[in-house]
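Worksheet: one structure, shown below.
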Amino acid sequence: MTNAARDPHLRSMALQAKAWPFEEARKLVERFKAAPPAKGYVLLETGYGPSGLPHIGTFGEVARTSMVRHAFEQMSDLPTRLFAFSDDMDGLRKVPDNIPNKEMVTKHLGKPLTQVPDPFGKFESFGHHNNAMLRDFLDRFGFRYEFKSATEEYRSGRLDATLLKVLAHYDAIMEVMLPTLGEERQRTYSPFLPVSAATGRVLQVPVIERDVKAGTIVFEDEDGKKVETPVTGGRCKLQWKVDWAMRWVALDVDYEMAGKDLIPSVELSSKIAKILGARPPEGFNYELFLDEKGQKISKSKGNGLTIEEWLRYAPPESLALYMFQQPKRAKRLYFDVIPRAVDEYLSFLDRFAAIGKPSAKADAEAKPDGGKVPADPALLRLENPAWHIHGGAPPAPLELAGTPISFGMLLNLASACNAGDKGMLWGFLSRYAPGVTAATHPKLDELAGYAVAYFHDFVKPAKTFRAPTDVERKALEDLAAALPDLPDEAGKIQDEVYAIGKRHPFADLKDWFRALYEVLLGQSQGPRFGSFAALYGRAETAALIKKALAGELASAA
RNA sequence: GAUCCCGUAGCUCAGCGGUAGAGCAUCUGACUUUUAAUCAGAGGGUCGAUGGUUCGAGCCCAUCCGGGAUCACCA
């Protein structure tokens, strides 16, 4: 972790850097200009609703908040903490589609998530299960965070003082909330959602009476009986917007970002936090992610992309870059954005490494008088996305024999040779850069694996194999027959391919080679065929030809 | 209706005050016993419109036009 505490120059650069995490961090600097936080640290919070598995938006929020935190650490010596707060006391509203034992879960609708049995049978509850999933994947990315469970917070009594404040300011809060609700909801609305002692469900019922001194409310339970219950100790959950405000106040949250869809909620919760006598946290609204058709992605719809899907085709850093870039812009989050994200990540790594080197093309920034002056290397590093993605310490760029590697190039290579595994890619790579292997370049090896996976799932299905003409068929038969007796040498194989093409009545030799690609690889262009056969294997190539002649490739496409 | 985002090269987008950029696509050349890959190079944009601020504006402000999303039930 880089720290600017002992580097005044770095700090001054951080204070003027323009990348959005710095803009955000400056809000916090401003917040504590007059006095440091009484609790002794700056608290950033991210929220998570564990009614389903963590999704890519959750990742984005933690990633982005972490970037703000890190930026802030360059500007200030104040300690920071990041809470990942799980709203796991929320009542289960509907049964998710993507879980087993739905009938069992259905019986527990309305109960706090931490009271619904785990349909996967592994954890204490469904809420605990989803919390564990969240922590797993946050850990996988190496985020620094502290997990907080709403259930535990409520039960521990740590929220009690603020809950009582909510009760004391009941009328003022209702006055804020009611105008935002429909007529129907106005009649039943209550900031307090008592947990029924009879059924265990979180109830959305009106408050009939309240006793501020005793700290209790009276409501009608599901069995029709009037019940008086304390608002403290986890007996009552708060309705969402009030809950959020209460949490801000009780924990003294200083920063929390949220999606654009929550703007009205942020406004309301901020008003309520003020009613409770606190200063609402600094905030930031990021745009939503869209699926391939431009629709908002959501857990329930299952559109867009999951974290797992992204990570099947690209390294985590590329996803972090995607989250870093343009947070205020609605972006499509679909498979087709992955290759570009990877290549941009790689090129930012290159640029980061080149900063300050004499050979690098001089980066420059404008002077007020119109001239240009070379930008400060420290500033350039802070503005580079790689700095934010890697917590200030990006790794060395990926290169092969001195030239930068791109994912696009690997993808082309995979497509050109119809790669079935990354070993084939390595055949070409090692020939290009002798001595370079998966062992010497593990990062490149990973990338090759991603490229093959992406090619296999997205590029290959789009290929169209055609059947050979009669002339092509005869030539291909010749080639298949000749292959087993040839040496394993690209040049010799190429000679034979060429000779066979000449032997058969092709109008132009180009037609012969094109036929090879179209019939065998499902594309109009490809690698030099001798090289391909040598790498793919002579026997395998012969088998491929036989499959094509039998019509198996054309029908499969 | 309220709020927000977007409108820059054929396509996807970067650029957020200082003589218009990238990738892909297109074209040319080099290298290849065909191609592709790779490398080198080229063409291509009155930066949605109109006003304003400025010595200077895709970049800031205002208005308008066009596209999209979110919230108006729940979280």
Side-chain angles (χ1 to χ4, degrees), chain A residues 18-20 23 47-52 87 90-94 113 179-185 188-189 193 204 237 239-241 243-244 258-269 285-291 293-300 325-332 336-337 339-341 343-344 347-348 364-373 385 400-401 403 406-417 428-429 431-432 491 494-499 501-502 506 508-518 521 523-532:
Chain A
K18 278 180 284 190
W20 69 264
E23 302 276 8
Y48 168 57
S51 55
D87 190 17
D90 196 28
L92 178 66
R93 286 187 173 69
K94 60 182 177 192
L113 290 157
T180 70
L181 301 167
E183 236 177 279
E184 186 121 351
R185 189 77 180 89
T188 59
Y189 184 83
L193 309 174
Q204 296 201 23
K237 163 101 170 74
Q239 189 277 342
W240 146 247
K241 285 159 200 167
D243 193 45
W244 207 8
K260 187 185 74 165
D261 53 336
L262 293 183
I263 290 174
S265 302
V266 172
E267 286 169 358
L268 279 174
S269 295
N285 293 297
Y286 52 86
E287 259 287 358
L288 272 19
F289 297 113
L290 274 27
D291 68 6
K293 291 187 297 246
Q295 302 295 304
K296 168 187 174 179
I297 67 167
S298 67
K299 286 178 272 190
S300 51
Q325 289 179 311
Q326 304 285 159
K328 279 211 180 260
R329 195 161 182 158
K331 295 187 294 182
R332 262 167 21 90
D336 49 10
V337 307
R340 184 190 173 131
D343 276 343
E344 288 187 340
S347 79
F348 281 126
E365 68 172 7
K367 277 196 301 187
D369 66 357
K372 281 210 166 197
V373 73
L400 184 62
T403 55
S406 84
F407 191 61
M409 192 211 91
L410 292 176
L411 226 37
N412 280 335
L413 202 53
S415 179
C417 66
F428 288 97
L429 294 173
R431 196 182 50 169
Y432 177 79
Q494 181 73 9
D495 286 345
E496 182 61 21
V497 174
Y498 191 80
K502 276 195 154 171
F506 287 102
D508 187 333
L509 216 47
K510 276 189 183 184
D511 295 336
W512 162 231
F513 284 97
R514 186 168 18 216
L516 284 172
Y517 303 125
E518 290 178 351
L521 301 180
Q523 55 198 18
S524 62
Q525 37 210 16
R528 169 179 285 217
F529 206 79
S531 315
F532 170 78

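Under the 3.5 Å distance criterion, the side-chain polar atoms of A:Arg93 are matched with a main-chain donor or acceptor of A:Gly91. The backbone N or O of A:Glu344 lies less than 3.5 Å from a partner atom in the side chain of A:Ser347, making a donor-acceptor pair.
Residue A:Gln325 contributes atom CD, which lies 13 Å from atom C1' of B:rU12 at whole-angstrom precision. Whole-Å rounding puts the A:Trp240 CH2 to B:rC71 P distance at 13 Å. If you measure from atom CD of A:Gln204 to atom P of B:rC73, you get 13 Å, rounded to the nearest angstrom. One atom, CZ of A:Arg332, and another, C1' of B:rC13, lie 12 Å apart when rounded to the nearest Å. In this structure, the CG atom of A:Leu193 is 11 Å from the C1' atom of B:rA75, given to the nearest Å. Here the P atom of nucleotide B:rA36 and the CG atom of A:Leu411 are 19 Å apart, to the nearest Å. Following rounding to the nearest Å, A:Leu113 (CG) and B:rA75 (P) show an atom-to-atom distance of 13 Å. Atom CG of A:Leu410 and atom P of B:rA36 are 20 Å apart (whole Å).
Closest approach of A:Leu262 to A:Trp240, counting heavy atoms only: CD2-CZ2, 4.0 Å. Nearest heavy-atom pair, A:Gly259 versus A:Leu288, reported as atom, atom and distance to 0.1 Å: CA-CD1, 4.0 Å. Residue A:Trp244 comes nearest to A:Ala258 through the heavy atom pair CH2-CB, 4.0 Å, listed as atom of the first residue, atom of the second, then distance. Between A:Lys241 and A:Ser265, the shortest heavy-atom contact is CE-OG, 3.4 Å.
A:Arg340 comes within 4.0 angstrom of a base, heavy atoms only. The residue A:Asp87 sits close only to the backbone: its heavy atoms come under 4.0 Å of sugar-phosphate atoms, none of a base.
Looking only at side-chain heavy atoms (C-beta outward), A:Leu193 and A:Gln204 come within less than 4.5 Å of each other.
Candidate nucleotides B:rG17, B:rC73, B:rU70 were compared by shortest atom distance to the side chain of A:Asp261, and B:rU70 ranks first. Between B:rA75, B:rU34, B:rU12, one nucleotide has an atom nearer to the side chain of A:Leu262 than all others, and that is B:rA75.
Remark: A:Lys18 is in phosphate contact with B:rG17, judged by side-chain N or O atoms under 4.0 Å from OP1 or OP2.
A gap of 46 Å separates the C1' atoms of B:rA75 and B:rA20, to the nearest Å. The same atom, P, is picked in B:rG21 and in B:rG45; the two are 13 Å apart, to the nearest Å. Rounded to the nearest Å, the gap between the C1' atom of B:rC39 and that of B:rU19 is 30 Å. Across the P atoms, B:rC64 and B:rG1 are found 13 Å apart, a figure rounded to whole Å. B:rA62 and B:rU26 have their C1' atoms separated by 41 Å, with the value rounded to a whole Å. B:rG23 and B:rC71: their C1' atoms are spaced 36 Å apart (whole Å). When the P atom is compared between B:rU63 and B:rC4, the two are found 12 Å apart, to the nearest whole Å. For the C1' atoms, the distance linking B:rC60 with B:rC55 amounts to 16 Å, nearest Å.
For the pairing with A:Glu287, the salt bridge (charged side-chain N to carboxylate O under 4.0 Å, His left out) check across A:Lys260, A:Arg329, A:Lys331 returns one residue only, A:Lys260.
Side chain to side chain, A:Tyr189 and A:Gln239 meet the donor-acceptor criterion of an N or O pair below 3.5 Å.
Closest-nucleotide positions on RNA chain B for A:Arg185 and A:Tyr498 were compared, and the one nearer the 5' end corresponds to A:Tyr498. Heavy-atom nearest nucleotides on RNA chain B were determined for A:Gln239 and for A:Glu344, and the one closer to the 5' end corresponds to A:Glu344.
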>> If a pair means Watson-Crick or G-U wobble with both distances below 3.5 Å, what does RNA chain B look like in dot-bracket form, with | marking bases paired to a different strand?
In response: ((((((((.[[[[.)..(..]]]].(((((.......))))).....[[[[[..)....]]]]])))))))....

> What string of B, S and - do you get for nucleotides 1-7 of chain B 5' to 3' if you count protein non-hydrogen atoms under 4.0 Å?
Replying inline: ---BSSS

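By the criterion of a centre-to-centre distance under 5.5 Å and near-parallel planes under 30°, the ring of A:Phe513 forms a stack with the base of B:rU34.
Under 4.0 Å is where a charged nitrogen must lie from a carboxylate oxygen, and between A:Asp336 and A:Arg332 at least one such pair does.
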